[in-house]
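Starting from 1, each residue takes its place in the sequence as its number.
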Amino acid sequence: MASRVASRYVKSLLDLAVNQGSLETVHADMQLFADTIGKNRDLELMLKSPVIKHDKKNAILTAIFKSKVSALTMAFMDILTKKNREPLLPEIAKEFHNAFNVYKGIGKASVITPVPMDAATRAEFEAIVRKLSNRKEVELEEKVDKDLIGGFVLNVEDKQIDASIRNNLKKLKLKFSENPYIKEF
């Protein structure tokens, strides 16, 4: 239920930002808000608390963000708190980024490697993702998983390329378990 409501607010904010020509600014504001919430669990808990009054939440949000975000974003936060929807703000901030990427045609992909990537490797993966997704811009999410041993796992839209040593070892183990020299009855 909450994500349907959040998606409606995201769509409204995106449309309003596009109409006012401030899409990039509002996107940066929502990124700042999502980062702040991600780093401060107490702020997220405060927004979701039914004990704290909505005007107090609005005062706290104003104190934290008024000098850091645009007037449009501040007005949006004010409207949400007046409608008692401030618990949705963290979800709206995250979803706004996804809606921004869809609006701008930015492809999204994730890559898992056993060690952190350097700039050259990152650029190669971005080029591969651009080619696979037919997008000019891509957003690459990087994760590190030491259990891969070597290689990588790349997820682009609905495609997955698993070129990890762990995956190759699993395939080899499966092949050895199918012994062609022993007849099965």
- Task: Apply side chain to side chain contact (heavy atoms under 4.5 Å, CB included) to the pair Tyr103 and Leu23, showing each step before the final yes or no.
- Result: CA-CA 10 Å; Tyr103 181 80; Leu23 181 61; 3.5 Å; yes
Verify, without hydrogens or angle tests, whether [X] (side chain) and [Y] (backbone) share a donor-acceptor contact under 3.5 angstrom.
| X | Y | value |
| --- | --- | --- |
| Ser177 | Leu174 | yes |
| Ser12 | Arg8 | yes |
| Lys159 | Ser133 | no |
| Lys57 | Leu47 | yes |
| Ser49 | Leu45 | no |
| Ser22 | Thr25 | no |
| Asn58 | Thr81 | no |

Would you say [Y] ends up clustered with [X] if hydrophobic residues are merged whenever their side chains have heavy atoms under 4.5 Å apart, either directly or through other cluster members?
| X | Y | result |
| --- | --- | --- |
| Ile52 | Leu80 | yes |
| Val18 | Leu13 | yes |
| Val5 | Leu16 | yes |
| Val153 | Val138 | no |

Side-chain heavy-atom pair [X], [Y] within 4.5 angstrom cut-off:
| X | Y | answer |
| --- | --- | --- |
| Ile128 | Lys131 | no |
| Val26 | Phe76 | no |
| Arg135 | Glu157 | yes |
| Glu95 | Ile92 | no |
| Ile37 | Leu89 | no |
| Val129 | Leu140 | yes |

- For Lys83 and Tyr9, what are the C-alpha separation, side-chain angles and deciding distance, and is it a side chain to side chain contact (heavy atoms under 4.5 Å, CB included)? CA-CA 12 Å; Lys83 290 187 173 217; Tyr9 282 110; 3.8 Å; yes
Once rounded to the nearest 0.5 Å, what's the spacing between atom [atom1] of [X] and atom [atom2] of [Y]?
| X | Y | atom1 | atom2 | value |
| --- | --- | --- | --- | --- |
| Asp55 | Thr62 | CG | OG1 | 10.5 Å |
| Leu14 | Asn19 | CG | CG | 9.5 Å |
| His54 | Lys56 | NE2 | NZ | 14.5 Å |
| Glu126 | Thr121 | CD | OG1 | 11.0 Å |
| Asp78 | Leu61 | CG | CG | 9.5 Å |
| Leu72 | Asp29 | CG | CG | 8.0 Å |

- Query: So, Phe33 versus Phe96, ring centres under 6.0 angstrom or not?
  - Reply: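 Ring centres of Phe96 and Phe33 not closer than 6.0 Å.
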- From the options Asn167, Asp162, Asn168, select the one residue that forms a side-chain hydrogen bond (donor to acceptor under 3.5 Å, both in side chains) with Ser164.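 Of the listed options, the one satisfying the test is Asp162.
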Acceptor/donor pairs from residues 104-117 side chains to any protein atom, 3.5 angstrom cut, sequence neighbours excluded:
from: Lys104; atom 1: NZ; to: Glu24; atom 2: OE2; distance (Å): 2.9
from: Ser110; atom 1: OG; to: Asn155; atom 2: ND2; distance (Å): 3.4
from: Thr113; atom 1: OG1; to: Val115; atom 2: O; distance (Å): 2.7

What heavy-atom pair brings [X] and [Y] nearest, and what distance separates the two atoms?
| X | Y | value |
| --- | --- | --- |
| Pro87 | Pro90 | O-CD, 3.4 Å |
| Gln31 | His97 | OE1-ND1, 3.2 Å |
| Val156 | Leu154 | CG2-CG, 3.8 Å |

- Give me the ring orientation class for Phe125 and Phe152: parallel if the planes are under 30° apart, tilted from 30 to 60°, perpendicular past 60°.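 Answer is perpendicular, since the angle exceeds 60°.
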Considering only NZ, NE, NH1 and NH2 on the basic side and carboxylate oxygens on the acidic side, decide whether [X] and [Y] come within less than 4.0 Å.
| X | Y | answer |
| --- | --- | --- |
| Lys39 | Glu44 | no |
| Arg166 | Asp145 | yes |
| Asp15 | Lys11 | yes |
| Glu124 | Arg122 | no |

